[in-house]
Amino acid sequence: MEANAPSSAQTRPSWDEYFLKLAMLASERATCPRMHCGCVLVKDKNVVATGYNGSIPGDDHCEDVGCLVINNHCERTVHAEMNALVQAAKRGHAVEGATAYITNMSCTNCAKALIAAGVKRVVVFSDFHDTLAVEFFNKAGVTIDKLPMPPLMINYDLKNYSSAKPLETKTNEP
């Protein structure tokens with residue numbers, strides 16, 4: 001089994017599964033009902049930036065006023081990959097050589113932006129229809145790893161907490 005391959009026998013997720021779960025969590029912030037997508041940019045096992053589908057700052061959200069659909073695409077929405085790249089740029093973080101963990105395969109424009117930014121690997125668990133992303137990633141030498149969707153449940157080790165004593169709280173009352 002590959003070192004990064006998820007395993008149900010593991011008690012803790014692989015790095016790939018961990019970062020895909022973070023992308024899933026980011027996707028919960030999405031404001032376009034047509035697709036909730038999340039992206040996490042990672043270098044050296046550290047999160048550089050996250051993004052999700054949403055409107056430009058200060059604009060209305062699709063979930064509030066509806067989508068602005070032109071040629072079957074919502075033009076109001078900035079895609080998760082673009083938002084992650086913008087967040088990295090705003091903070092001065094280079095993404096050259098990074099891995100993009102994305103819930104859904106990139107659209108063509110997002111694929112081109114990730115390639116231009118120097119992303120070298122994409123990890124995804126869901127396909128995207130009508131896109132040239134895979135072709136462009138392949139031409140650019142970007143590795144694509146499609147993994148199964150990570151489990152939605154978080155497995156807490158409750159047995160270690162069941163015998164723990166509650167924390168005592170102190171008040172400043174006289």
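Predicted, not measured: the structure shown is a model, and the values here were computed from it.
- Between Trp15 and Tyr18, the ring planes lie perpendicular to each other; the angle is over 60°, past the 30° to 60° tilted range.
- Here the closest heavy-atom approach between residue Cys37 and residue Ser27 is recorded as C-CB, 3.5 Å.
- Under a hydrophobic clustering in which Ile, Leu, Val, Met, Phe, Trp and Tyr are joined whenever their side-chain heavy atoms come within less than 4.5 Å, directly or via other members, Met82 and Ile115 fall into different clusters.
- A single hydrophobic cluster is not seen to contain both Leu68 and Tyr52; linkage of ILVMFWY side chains at heavy-atom distances under 4.5 Å, directly or through other members, places them apart.
- In this structure, Lys21 does not pair ionically with Glu17, as no charged nitrogen and carboxylate oxygen lie closer than 4.0 Å.
- Hydrophobic cluster membership differs between Leu114 and Val78, with clusters built from Ile, Leu, Val, Met, Phe, Trp and Tyr side chains linked at under 4.5 angstrom.
- The two residues Gln87 and Ala49 have their closest heavy-atom pair at CB-CB, 4.0 Å.
- Counting all heavy atoms, side chain and backbone alike, Met105 lies closest to Ile144 at CE-CG2, 3.7 Å.
- For the pair Phe125 and Leu20, the minimum side-chain heavy-atom distance is below 4.5 Å.
- Connection of Leu85 to Ile56 is not established within any shared hydrophobic cluster, with ILVMFWY side chains joined at heavy-atom distances below 4.5 Å, either directly or through further cluster members.
- No single ILVMFWY cluster, assembled from side-chain heavy atoms under 4.5 Å apart, contains both Leu25 and Val48.
- Residue Arg34 places its CZ atom among more than 12 non-hydrogen atoms of other residues, nucleotides or ligands, all under 6.0 Å distant.
- Contact of the Arg76 side chain with the His61 side chain is not registered, since no non-hydrogen atoms from C-beta on lie closer than 4.5 Å.
- Between Leu41 and Ala100 the shortest heavy-atom distance is CD2-CB, 3.7 Å.
- Contact check for Phe136 versus Thr131: no side-chain heavy atoms found under the 4.5 Å cut-off.
- Under the 4.5 Å side-chain criterion, counting only non-hydrogen atoms from C-beta, Thr103 is not in contact with Ser126.
- Minimum heavy-atom separation, Val95 to Ala88: CG1-CB, 3.8 Å.
- Ile102 is listed as a side-chain neighbour of Val122, based on a closest heavy-atom distance under 4.5 Å.
- The shortest side-chain heavy-atom distance between Cys62 and Cys74 falls under the 4.5 Å cut-off.
- Taking the side chain as every heavy atom from C-beta outward, Ser55 and Asp60 never approach each other to under 4.5 Å.
- Contact of the Tyr101 side chain with the Arg121 side chain is registered, since non-hydrogen atoms from C-beta on lie closer than 4.5 Å.
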